Undergrad: 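Take a look at this one; I'll ask things after.
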Amino acid sequence: MPETEPLAPSLAAPVALAPARKNPFLAAVLAWFVPGLGHLYLGRPVKAAIFFACLTICFGIGGAALKFRNVNTAFTLHFIAQSGFGAPALALGWMNRDVKGEAVIEIAKQPAFEIGMLYTDIAGLLNYLIIVHTLLMADMTARKNDAIPPVPAPPAPAGSGA
Amino acid sequence: MMKVLHFLVMCFVISVVTAVLKKDEPKEILKTGAQFFLTVTLLILFFCAVLQLLGTMA
């Protein structure tokens, strides 16, 4: 019965795989585009799900109180805060671009105006915080990857070369 | 009553997001979240009280 050959050193030895390098800028853009997507990209799905759920519920409550007409560029300072929520906020702002003048005053007179604005503003501002955290986390991961020493190549078996 | 509810929901959301940002372990998140919830609630109440005071003084 033939003896089994020992495995080649590269297969036998455990190889320390460094985590894939993540682009901090892309992570931040993803985090802004959809809340939680940046953390998903960085390999933190649970955090991503919590952020997405919390911010979407918050923005949804605030928007639904005023039929999403409060996400409007006419409320400039509010819109700056709301635009932290990313693509959905910008899309709503674009959809409400025709709501001007008297219609805006009517929205502002509604009893739910303050609460609706508060919820959507807080959702946007919290996402700005999450974007900064995503940037810092991606940068930290990149630094850690740089600190990992390269795995030395296994020595070539004697007599195999020319 | 509704205002208090909205206020508590807001404090809850802020606490959850900040606690999850700060910690990784679920147990630590719970503890930090509870601390943040108390802190945020007290801070907002304090600012409300100051604003009320300023309002009555004016």
Side-chain angles (χ1 to χ4, degrees), chain A residues 27-28 31 35-36 38-40 42-66 70 81 84-86 110-138 140-141 144, chain B:
Chain A
H39 278 80
L40 191 67
L42 293 177
R44 302 291 177 100
V46 178
K47 278 190 173 189
I50 293 172
F51 291 147
F52 181 76
C54 282
L55 296 194
T56 307
I57 289 170
C58 196
F59 195 84
I61 291 173
L66 293 156
N70 55 336
F85 196 70
Q110 287 189 27
F113 178 74
E114 279 183 23
I115 287 293
M117 279 300 193
L118 190 68
Y119 271 93
T120 48
D121 289 359
I122 292 283
L125 291 173
L126 280 176
N127 202 36
Y128 280 127
L129 195 68
I130 292 169
I131 292 167
V132 173
H133 186 260
T134 312
L135 258 177
L136 292 176
M137 233 176 89
M140 212 165 63
T141 315
K144 270 185 188 170
Chain B
M1 189 64 200
M2 282 304 282
K3 275 187 180 176
V4 176
L5 186 70
H6 285 304
F7 167 69
L8 289 177
V9 169
M10 201 59 64
C11 290
F12 179 75
V13 170
I14 293 170
S15 309
V16 167
V17 171
T18 44
V20 173
L21 279 176
K22 198 167 164 61
K23 299 286 178 181
D24 277 329
E25 293 292 317
K27 208 174 175 182
E28 287 180 332
I29 288 173
L30 275 178
K31 195 180 160 191
T32 318
Q35 287 171 350
F36 281 169
F37 184 74
L38 274 176
T39 313
V40 171
T41 310
L42 288 175
L43 267 177
I44 296 177
L45 279 176
F46 173 74
F47 280 116
C48 286
V50 170
L51 286 176
Q52 188 92 30
L53 195 69
L54 289 174
T56 49
M57 281 167 70

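Since the model is a prediction, treat every value here as computed from it, not as a measurement. Keep in mind that the numbers below use all heavy atoms, side chains included, and drop hydrogens, waters and symmetry copies. Here is how names work: the chains are called A, B, and so on, in the same order as the sequence lines, proteins then strands, and each is numbered from 1.
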Undergrad: Heavy-atom distances under 4.5 Å only: say whether B:Lys23 touches chain A with side chain, backbone, both or neither.
TA: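 Interface part for B:Lys23: backbone (N, CA, C, O).
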
Undergrad: Which residue, A:Leu136, A:Val132, A:Leu129, forms the side-chain contact (heavy atoms from CB on, under 4.5 Å) with B:Leu21?
TA: A:Leu129

Undergrad: Step through the shown structure and confirm whether more than 12 heavy atoms of other residues, nucleotides or ligands are within 6.0 Å of CD on A:Glu114.
TA: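 For A:Glu114, atom CD is not crowded (no more than 12 foreign heavy atoms under 6.0 Å).
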
Undergrad: Test B:Val20 against every option in A:His39, A:Arg44, A:Lys47 by the side-chain contact (heavy atoms from CB on, under 4.5 Å) rule and name the one that passes.
TA: A:Lys47

Undergrad: Let me know if B:Ile29 has heavy atoms under 4.5 Å from chain A in its side chain, its backbone, both or neither.
TA: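 B:Ile29 has no heavy atom closer than 4.5 Å to chain A.
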
Undergrad: Run the side-chain contact (heavy atoms from CB on, under 4.5 Å) test on B:Val9 and A:Tyr119 for me, step by step, so that the C-alpha distance in whole Å, both residues' side-chain angles and the decisive distance to 0.1 Å come before the verdict.
TA: CA-CA 10 Å; B:Val9 169; A:Tyr119 271 93; 3.5 Å; yes

Undergrad: Which one of A:Leu126, A:Ile122, A:Asn127 satisfies the side-chain contact (heavy atoms from CB on, under 4.5 Å) criterion with B:Val17?
TA: A:Leu126

Undergrad: Take atom CZ in A:Phe52; do more than 12 heavy atoms of anything else shown fall under 6.0 Å from it?
TA: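 No, CZ of A:Phe52 has 12 or fewer neighbouring heavy atoms, counting only those of other groups under 6.0 Å.
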
Undergrad: How many angstroms lie between CZ in B:Phe12 and CD1 in A:Ile57, if you round to the nearest 0.5 Å?
TA: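 Here the interatomic distance stands at 9.0 Å.
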
Undergrad: Return the minimal non-hydrogen interatomic distance between B:Val16 and A:Cys54, and the atom names on each side.
TA: CG1-SG, 3.6 Å

Undergrad: Rounded to the nearest 0.5 Å, what separates atom CE in B:Met10 from atom CG in A:Asp121?
TA: 9.0 Å

